Amino acid sequence: MDYQFKDIEQKWQQFWADNQTFKVENNSTKPKYYVMDMFPYPSGAGLHVGHPLGYIASDIFARYKRLRGFNVLHPMGYDSFGLPAEQYAIQTGQHPSVTTEDNIATYRRQLDQIGFSFDWSREVRTSSPDYYKWTQWIFMQLFNSWYNKAAGKAESIEKLVEHFATSGSKGIDAVSDEDTLTFTADEWKALPYKTQQEELLKYRLTYLRESTVNWCAALGTVLANDEVKDGFSERGGYPVEQKKMMQWSMRITAYAERLLQGLDTIDWPEPLKEMQRNWIGKSTGASVRFGIDKTTLQSPITADYIEVFTTRVDTIFGVTFLVIAPEHELVEALTTPEQKADIEAYITQTKKKSELDRMADTKTVSGAFTGSYVLNPLNGEKIPVWIADYVLAGYGTGAVMAVPSGDQRDYLFAKHFNLPIVPIIDIQNIETEADPTKEGKYINSDFINGLAYKEATAAVVAKLEEVGAGKAKVNFRMRDAIFGRQRYWGEPVPVYFKDGLPYLISETELPLLLPEIDKYLPTETGEPPLGRATDWKHPEGEYELSTMPGWAGSSWYWYRYMDAHNDQEFASKEAIEYWKDVDLYIGGSEHATGHLLYSRFWNKFLKDIGFVVEEEPFKKLINQGMIQGRSNFVYRLIDAEGRGTNTFISHGLLADHKTSPIHVDVNIVKNDVLDLDKFKAWRPEFADAEFVLENGKYVCGHEVEKMSKRYYNVVNPDDIANQYGADTLRMYEMFLGPLEQSKPWNTNGIEGVFKFLRKFWRLFHDEQWNFRVTDEAPTKAELKSLHKIIRKVEEDIERFSFNTSVSSFMIAVNELTDLKCNKRAILQDLVIILAPYAPHITEELWTLLGNAAGTLSYAAYPTFNPEYLVEDEFAYPISVNGKTKMNLSISLSLDQKDIEALVLANADVQKYLDGKTPKKLIVVKGRIVNIVV
RNA sequence: GCCUGGGUGGUGGAACUGGUAGACACGCAGGACUUAAAAUCCUGUUCGCCUUAAAGCGAGUGCGGGUUCGAUUCCCGCCCCAGGUACCA
């Protein structure tokens, strides 16, 4: 029979499901291998062709590893809590769990159609109570822990309490809030219970913190930064104000150093690691306190100094002004009456600027003088204090010591406002711009004059410490992560409040179920949606009303796959000790600093408290590129009055007509040629459309854009699978180009892949489509083809170069077709090698070859034998001055000298030399001959 | 602005360690089969020049330089595109 992909694919998908072919056990004599994909959020739009790209790659890898004798864990699940479902619920009143359920069913159907080898018995859903029970449980462990810097890890809060009770706060080196108390053991014991608890909250790894949020009173909710435009909500355009709010936070900063160091131990793409490094943002420097000169201030001020962080403390004698952020808490107090108007005008101006404007505009210098001064702690010099929007409130202390001779921004600022620029290093050239050099000796710098960078820095830090005005400090850019959302569709926080204190519910009360509410909106008093729940009250107090953020459930899910149905633990010790970590993780780079950082954080925490065994969760990570949409256009003719007609001009003829482009559904266009009948049927307004054709065809224009419904460029994998089959879809997505590269989707080449599979099928069949394979001994040429592909695919898979292996399969099948090879000895091995890429057609042929159904997935992978590829001759390219002129076959057993002689004696070579004597002859054995004349 | 990745035929791409640029596929053109179409198969296909043809010549991997016997690959400078982004002191 001809290649009937529909029957074959349905048959084998059913077989795998019925026989649980890919179910994997938590113990085996085989070595383990864990291949995981970033699980999807099940959106209402369903899967588009961009999603499966990574899944196909990981599935090929998983199937390959299985063939190579590994016990492979390859699971899939759903990140099913999230905003879109809630938004939909607000609009339609449908419960998010209902729409989520529907969407998951669609995803599952679409995934099944592509023939993935997932072990579905381990499926997880973050929104399922069985799952979020453990998300809540981990939250409780974090609440019950603090970070002991001395031990270099998280420990139980009990240990901290014990220490307080025996030794007070002395000897505690912890990551904590800034404002912790100092006390003796007796003083601790004497503290009221509430004060003790408040104190402990300053140490817990999850804690309450007041943070500013974008509050939109009209919508009654908190908005994300990108939902706010110029101080108004993007949705509705209502005013947004900064509001302080008590929120749950995660003390991820405790792990900053370990998160940074860990990057050196994992096999991730370097750009992605770089992103994480930059996000963590470690900088070594010093904090310096500049005393406020109160003699010039007319109003009283509580603060005594402005603290700055600098990485160049050695330049402190070059400081000629201080710049603080317009949002700095001291701005108002420092502003003198004369400067008040200036400062207020500047602050108003800053608020109008969007983040993007502030970033792109490095050329405009702006700022305003507060009228106040601080004193240089080392020489007592009076230094003016300015505000400027290039200083950000959120980083460091929100204040900068400006050294215009060494920093270009400070330099421009000083030039613009006519502030002094003092050179501090002898070789510094500051005529036209700042010179940040660290070479040379210091000048104009008091006691470090004549010193070099290293000694100077040490001397300044020592002096600052001596006078109590500063100290060496490591600063991280990374902030603690807010861990709460004023939303409904998320995990409830397992906490209730009594007398203003948070208490964990008991473990036996887990999971704390999400209550039913009447509508998915904030309450009239501005409480989160959970405030609407009736009869939802802890016996001891009021439940927390915010829910966990989107990243909670995804920060540990790889452990749940290891033991997905355990109701005693998030995963058993045995399962974790067996699977350990994810060997290969494939997903998009948009999660570089969110999910991938939080996951590493939770993993390190779980290791600290002894529940997991590996410091890093994902040993190797590959980013798949984004698949962009390729839109098609038709061109509507514009008549003399400038009105659109119902006539459409083919792309090649546009120059002669006035037209306007219209997006057309890519699904009714093939290779940029419009299907006229489908176009007429597409929309009623086009039913009478007329066309100006070129060569009898209507050719569409095209553009690369985001894949989106409104551009009519969304391609659904179902359509491809229906038309060409899953095996073609799988191979085509790989054939499209390098996995890690972003590329537009187009189906231009899909016929080639489909034809390849038919050609492969035909190798096993005669002219009349009868299955016909012989047991004859293979020829040398056939063995060569086979072993070439064995080696090539092995190399390609190991370096995740799937596109090149698809090409190689085509070459192999072309060669074997030319050789008219239908020998079992060759074809059976070829079936195994191709199986990870095209699992359905290969399963069918595998059984036709007489093997037991379903055994292909665990067959023995063919071994490469280099002997079949040994050549005795090589067609040397002969080049003259680097330009290839001809080929010359020469035995590979000859040595350098013989080759040289042979080449020079050749008549054709002599012709190219044209009587000239070669200056030099380069012979690279087995590669090239180059004659220099 | 900064960081990262990229720029190769009409198109997607290949060339893995500096060694035959354009594998493989699409598209296109021509041909075979067919009453016809689809399907299939065969041939050609980087560009320019010359040629009846065979063959030949020249240019060519974003642009300009450099290193080298030899550069898509390494170095310097520039332009453009994509993604990320936090003026990070």
Side-chain angles (χ1 to χ4, degrees), chain A residues 2 269-275 277-279 281-283 285 308-313 315 323 355-356 358-363 388-392 394-403 406-410 475-479 588-590 592-593 623 625-626 628 630 671-673 695 702 704 732 735-738 740-756 758-759 762 792 795-796 799 801 803-811 814 875-887 918-924 926-933:
Chain A
D2 194 354
E270 202 47 50
L272 197 131
K273 287 199 208 177
E274 201 56 30
M275 264 191 244
R277 283 191 193 104
N278 293 341
W279 188 265
K282 181 181 182 176
S283 55
V308 305
F309 175 77
T310 176
T311 51
R312 287 296 301 274
V313 72
T315 62
V323 188
E355 278 284 308
L356 210 84
R358 275 173 83 160
M359 241 188 300
D361 185 11
T362 48
K363 290 182 180 77
D389 62 12
Y390 76 82
V391 176
L392 300 182
Y395 182 73
T397 57
V400 182
M401 61 177 224
V403 185
D407 182 284
Q408 185 60 17
R409 272 180 334 227
D410 297 346
N475 198 46
F476 290 97
R477 193 212 75 102
M478 187 169 63
R479 307 283 94 194
S589 61
E590 66 268 27
T593 50
N623 285 130
M626 199 193 304
Q628 293 150 313
R630 189 176 183 283
N671 291 331
D672 288 336
V673 175
N695 304 325
H702 62 89
V704 172
Y732 184 62
F735 188 59
L736 217 45
E740 304 195 58
Q741 206 167 290
S742 286
K743 54 234 158 191
W745 174 260
N746 74 75
T747 45
N748 285 353
I750 198 161
E751 297 277 353
V753 174
F754 182 69
K755 279 195 251 178
F756 156 75
R758 282 195 67 180
K759 221 168 162 181
R762 224 169 36 205
K792 177 72 177 158
E795 281 171 4
D796 284 350
R799 67 192 172 105
S801 176
N803 55 326
T804 51
S805 42
V806 175
S807 299
S808 306
F809 278 123
M810 290 174 172
I811 294 170
N814 288 345
Y876 282 88
I878 311 294
S879 52
V880 178
N881 289 337
K883 288 268 169 208
T884 310
K885 298 293 181 187
M886 56 178 286
N887 280 311
K919 264 193 231 158
K920 204 171 168 187
L921 196 61
I922 307 224
V923 176
V924 184
R927 281 220 190 259
I928 198 169
V929 175
N930 189 15
I931 308 168
V932 188
V933 291

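This is a predicted model, so every value here is computed, not measured.
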Q: Determine the interatomic distance between P on B:rU67 and the same-named atom on B:rA53; round to the nearest Å.
A: 42 Å

Q) Hey, does the side-chain of A:N475 have a donor or acceptor N/O within less than 3.5 Å of a partner on the base of B:rC88? A) no

Q: Check whether any side-chain heavy atom of A:M401 sits under 4.5 Å from a side-chain heavy atom of A:T315, and report yes or no.
A: yes

**Q.** Counterpart residues, salt bridge (charged side-chain N to carboxylate O under 4.0 Å, His left out), relative to A:D407 (two or more places apart)
**A.** A:R409

Q: Tell me which of A:E274 and A:G281 sits closer to the 5' end of RNA chain B, going by the nucleotide each one is nearest to.
A: A:E274

Q: Give A:E740 one of three labels, base, sugar-phosphate or nothing, depending on what nucleic acid heavy atoms sit under 4.0 Å from its own.
A: nothing

**Q.** Non-neighbouring partners of A:T311 that pass side chain to side chain contact (heavy atoms under 4.5 Å, CB included), sequence neighbours left out
**A.** A:S283, A:F309

Q. By side-chain hydrogen bond (donor to acceptor under 3.5 Å, both in side chains), which residues pair with A:K282, not counting sequence neighbours?
A. A:E257

Q: Quick one: list whatever passes side-chain hydrogen bond (donor to acceptor under 3.5 Å, both in side chains) with A:S805, sequence neighbours left out.
A: A:Y837

Q. With syn defined as a glycosidic torsion within 90 degrees of 0 and anti otherwise, which applies to B:rG9?
A. syn

Q. At under 4.0 Å between heavy atoms, what does A:R277 touch on the DNA or RNA strands: base, sugar-phosphate, or nothing?
A. nothing

**Q.** Separation between the P atoms of B:rG30 and B:rC79, rounded to whole Å
**A.** 45 Å

Q: Taking salt bridge (charged side-chain N to carboxylate O under 4.0 Å, His left out) as the test, write out the residues that go with A:E740, two or more places apart.
A: none

Q. Pairing of RNA chain B as dot-bracket, 5' to 3': ( ) intra-strand, [ ] crossing, | other strand, . unpaired, with Watson-Crick or G-U pairs under 3.5 Å?
A. (((((((..(((......[....)))((((((.......))))))((((......))))..(((((..]....))))))))))))....

Q. What string of B, S and - do you get for nucleotides 16-24 of chain B 5' to 3' if you count protein non-hydrogen atoms under 4.0 Å?
A. B--BBS-BB

Q) When the nearest nucleotide of RNA chain B is assigned to A:K282 and to A:F754 on a heavy-atom basis, which residue is associated with the more 5' position? A) A:F754

Q: Go through the structure and list residues passing side chain to side chain contact (heavy atoms under 4.5 Å, CB included) with A:R758, not counting sequence neighbours.
A: A:D2, A:Y3, A:F754, A:W769

Q. In chain order, what residues pass the ring pair (Phe, Tyr, Trp, His ring centres under 6.0 Å) check against A:F756, with sequence neighbours excluded?
A. none

